[in-house]
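Everything below concerns the one structure shown next.
All figures in this text were calculated on a predicted structure; none of them were measured in a lab. Chain letters run A, B, ... following the sequence lines, proteins first and then strands; every chain starts at 1.
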Amino acid sequence: MNIEQHITTATLAAVKHLYGQDLPENQVSLQDTRAEFDGQITIVVFPIVRFSKKSPEITATELGEYLVENIEEVTAFNVIKGFLNLSVADSYWLSLFNQELLSPEFGAIKPNGKKVMVEYSSPNTNKPLHLGHVRNNLLGYSVAELLKASGHEVVKVNLVNDRGIHICKSMLAWQKWGNGETPESSGLKGDHLVGKYYVIFDKEYKKEIEALKEAGQTEEEAKKNAPLILEAQKMLQDWEAGDDAVITLWKTMNSWVYAGFEVSYKNLGVDFDKYYYESNTYLLGKGTVEEGLEKGVFFKKPDGSVWIDLTADGLDQKLVLRADGTSVYITQDLGTAQMKYDDFHMDESIYVVGNEQDYHFKVLFLILEKLGKTWAKGLHHLSYGMVDLPSGKMKSREGTVVDADDLVAEMIETAKQKTEALGKVNDFSEEEKSALYNNIGLGALKYFLLKVEPKKRLLFDPSESIDFQGNTGPFIQYTHARIKSLLNKAGYDAAKGAAEVVITDTEREMIMLLAKYPAEIVAAAKVFSPASLANYLYEVAKMFNKFYHEVPPIVKEEDEALKHHRLNLSAVTAGILKTGMRILGITVPERM
RNA sequence: GCAUCCAUAGCUCAGCUGGAUAGAGCAACGGUUUUCUAAACCGUAGGUCAUAGGUUCGAAUCCUAUUGGGUGUACCA
């Protein structure tokens, strides 16, 4: 039993004993004592006043006296207004550290038997990844890792959007203006090559629209009648009809894109357990529509189209199948949801998708619930805000994007320059150097994107470089490297175990902060927020640096027990930073 | 129009199911290295928590309205 539980239980007993009342447990409100007061744990007594029928000060004093009397570890108290500040003996904090934090199992959370699917990335195969996709990938990956760390079994899934009119646009433009260009002949990465033709299509298409408008058509007419878009639509029909030439071209160009994505994914350090392809799943969902009609959840309009009426739920009527029997987006998603459940029987499923699809997922989940799918309540949409530039939204077809590969390369180059300027790793081999620059560059980028709460939109200014100082990835990486260096120099031997010493105020604060790590993981996983973990790790790193500066050089410490204890403290900190950053997908170097 | 998200220091962000005098980083200014990595540490300065009401012993946090911004409201995906 930890001290918080101990205090809670004793408080209930105290209220019973002092006032003869049964205090509900949720009325015991504990918090960390603010730095300016004595003590470590504070009880907010206002809720208890209702039961004691005495003033906050008197209640707090009586409760304080009782707790000092009855809990061995509580050595003193003081009352400020309605706040009862308790001092807990240093010996308690030291033994907490020695017995729990020092244990090799610390931070490892037992499997909870729950299986959860995280679907993320889900790219279109007509263009390369940009910064928005980077946010998605990092978020999806780290949420999956976070869930694993908190005891879930996790399946990472990528549903590739490899079909549709947008793919045909790239294909058509390549056919017309590509002159047989390939990744090999051009030296371009496959996804970039295909993306190039997507941009060309848009340019030519716009020209045609302008020409038609000059010939007297309205904007709307021109958009529909432009020869290029008609050709693209024809191509999509041919594709669905199984036309050999189109299918061959599609396969060729898709393979270029996949080769390109593989490289980008590898650079970002993300991976998947299972890929689904829309070219295989786009016909799914019609069975679900039948099911819905039978159950009376859907209804048919006179023209034969199928709908669901969600007006009673504050939403609109929604089409689920066209009059000609072809599917729309939500039809497919109904079908793939069922398929994924049949494949994995997971307890929960998380869709990592931007917030522009909030409405879509609200509708999707509601429909599945109305269809009586018991698993529908385990579906979550992890909605995140867009990444915007100072100039506004990023648009692939207009070429106004921050390209993922370029950005990663830039970050690594910046890391290289900064590291070289500091000159601390001149003895590294070339491979070691390049691995280090990679870690630091990506660490800065990943932390930058992950430290912000997912649902907030993110402004990225390419002209301002991402920081390497302060609340950043490199700062935490640096702290880890610093600790490793210290442990090496001091000849740290973990096998020596615990040490009995007198701890300082900072050390006690440090122990309290480090002890929160497992709870932090669980809390962050519960709300799918790597950001809260990131901010916690920053606090840990800051705390260590404060400690490091305050305490005299540990390497030179003559009191062996004290020296060993401080190394223990450092080692536990390094362990938390390493596993915590690992969850964020960030590698911490041994030296930098 | 309706729905939904956001608004905290010059900038970027924390602030948990309501708790004490709202915190960090960057930028600015000042200081710290013959001692374990200065990508660090210490300090100064910087706030009408968008606005107005309400609930409460207590509101940045909950409720309502207003303002400003994003997104959605497609027989596109």
Side-chain angles (χ1 to χ4, degrees), chain A residues 26 29 31 33-34 36-37 42 44-47 49-50 56 80-83 85 122 124 161 163-167 278 282 303 305-307 314-316 318-324 326-330 332-333 354-360 362-363 383 385-386 388 393 415 418-419 421-422 424-425 440 444 448 451-453 455-459 461 464 466-479 481-490 523 526-527 531-532 534-536 538-539 541-542 544-557 566-567 570 591-592:
Chain A
N26 63 15
S29 165
Q31 56 185 257
T33 302
R34 293 178 67 111
E36 59 265 38
F37 304 117
T42 294
V44 184
V45 299
F46 294 107
V49 170
R50 292 213 321 272
I80 314 256
K81 293 193 268 180
F83 299 90
N85 302 321
S122 306
N124 291 331
N161 184 356
R163 172 206 102 81
I165 191 78
H166 52 286
I167 314 276
E278 286 205 9
Y282 78 102
D303 67 354
S305 57
V306 181
W307 295 73
L315 304 173
D316 303 311
K318 180 88 186 168
L319 177 94
V320 294
L321 196 69
R322 293 191 186 102
D324 63 6
T326 57
S327 4
V328 290
Y329 179 34
I330 197 134
Q332 290 179 43
D333 261 11
N355 63 9
E356 70 271 18
Q357 296 202 34
D358 285 356
Y359 183 73
H360 171 76
K362 219 171 171 179
V363 170
S383 166
M386 323 202 137
D388 288 327
K393 232 180 135 169
K418 297 207 186 239
T419 307
L422 291 172
K424 293 179 191 173
V425 294
I440 298 176
F448 174 78
K451 77 171 173 189
V452 181
E453 212 39 59
K455 72 175 167 188
K456 295 220 182 180
R457 70 190 263 266
L458 204 61
L459 191 74
D461 188 345
E464 280 179 40
I466 292 175
D467 277 329
F468 281 62
Q469 282 167 2
N471 187 358
T472 67
F475 168 67
I476 298 172
Q477 291 174 313
Y478 165 78
T479 305
R482 193 182 213 187
I483 296 174
K484 284 302 171 136
S485 159
L486 166 65
L487 296 177
N488 274 333
K489 284 209 172 133
K526 199 172 171 189
V527 294
S532 79
N535 285 299
Y536 169 78
Y538 172 61
E539 293 299 323
K542 234 180 7 171
F544 177 80
N545 283 305
K546 181 185 175 190
F547 159 78
Y548 184 85
H549 275 266
E550 261 182 30
V551 141
I554 297 168
V555 172
K556 299 200 170 74
E557 179 59 57
R566 288 184 173 158
L567 293 174
S570 306
R591 266 187 68 193
M592 67 184 273

Applying side-chain contact (heavy atoms from CB on, under 4.5 Å), can you list everything that pairs with [X], at least two apart in sequence or on another chain?
X	result
A/Pro552	A/Arg566
A/Asp358	A/Asn355, A/His381, A/Ser383
A/Tyr329	A/Asp333, A/Gln357, A/His360
A/Lys546	A/Thr506, A/Glu509, A/Glu550

Nearest of [options] to any side-chain atom of [X]?
X	options	result
A/Tyr329	B/rG70, B/rA77, B/rA39	B/rA77
A/Leu319	B/rC75, B/rC41, B/rC6	B/rC75
A/Met592	B/rU37, B/rA39, B/rG70	B/rA39
A/Arg457	B/rG69, B/rA14, B/rA3	B/rG69

Mind checking ring pair (Phe, Tyr, Trp, His ring centres under 6.0 Å) for [X] and listing every partner two or more places apart, or none if nothing turns up?
X	result
A/Tyr282	A/Trp239
A/Phe544	A/Phe547, A/Tyr548
A/Phe83	A/Phe46

RNA chain B: stems of at least 3 consecutive Watson-Crick or G-U pairs whose donor-acceptor distances fall under 3.5 Å: B:1-7 with B:67-73, B:10-13 with B:23-26, B:28-32 with B:40-44, B:50-54 with B:62-66
If you restrict it to nitrogen or oxygen atoms, what contacts under 3.5 Å exist between nucleotides 71-73 of chain B and the protein, and what is each distance?
{"residue": "B/rU73", "atom": "O2'", "partner": "A/Asp316", "partner atom": "OD2", "Å": "3.0"}

Quick test: give all pairs of protein nitrogen or oxygen and nucleotides 34-36 of chain B nitrogen or oxygen below 3.5 Å, distance rounded to 0.1 Å.
{"residue": "B/rU35", "atom": "O2'", "partner": "A/Lys556", "partner atom": "NZ", "Å": "2.7"}
{"residue": "B/rC36", "atom": "O3'", "partner": "A/Lys489", "partner atom": "NZ", "Å": "3.1"}
{"residue": "B/rC36", "atom": "N1", "partner": "A/Tyr548", "partner atom": "OH", "Å": "3.4"}
{"residue": "B/rC36", "atom": "O2", "partner": "A/Ile554", "partner atom": "N", "Å": "2.8"}
{"residue": "B/rC36", "atom": "O2", "partner": "A/Val555", "partner atom": "N", "Å": "3.1"}
{"residue": "B/rC36", "atom": "N3", "partner": "A/Ile554", "partner atom": "N", "Å": "3.1"}
{"residue": "B/rC36", "atom": "N4", "partner": "A/Tyr548", "partner atom": "O", "Å": "2.7"}
{"residue": "B/rC36", "atom": "N4", "partner": "A/Val551", "partner atom": "O", "Å": "3.4"}

Scan nucleotides 19-29 of chain B nucleotide by nucleotide, 5' to 3', and note B when protein non-hydrogen atoms come under 4.0 Å of the base, S if they reach only the sugar-phosphate, - if neither. BBS-SSSS---
Could you tell me the separation between the CD1 atom of A/Ile165 and the C1' atom of B/rA77, rounded to a whole number of Å? 11 Å
Taking only N/O atoms, report every protein-nucleotides 43-45 of chain B pair under 3.5 Å with atom names and distance.
none

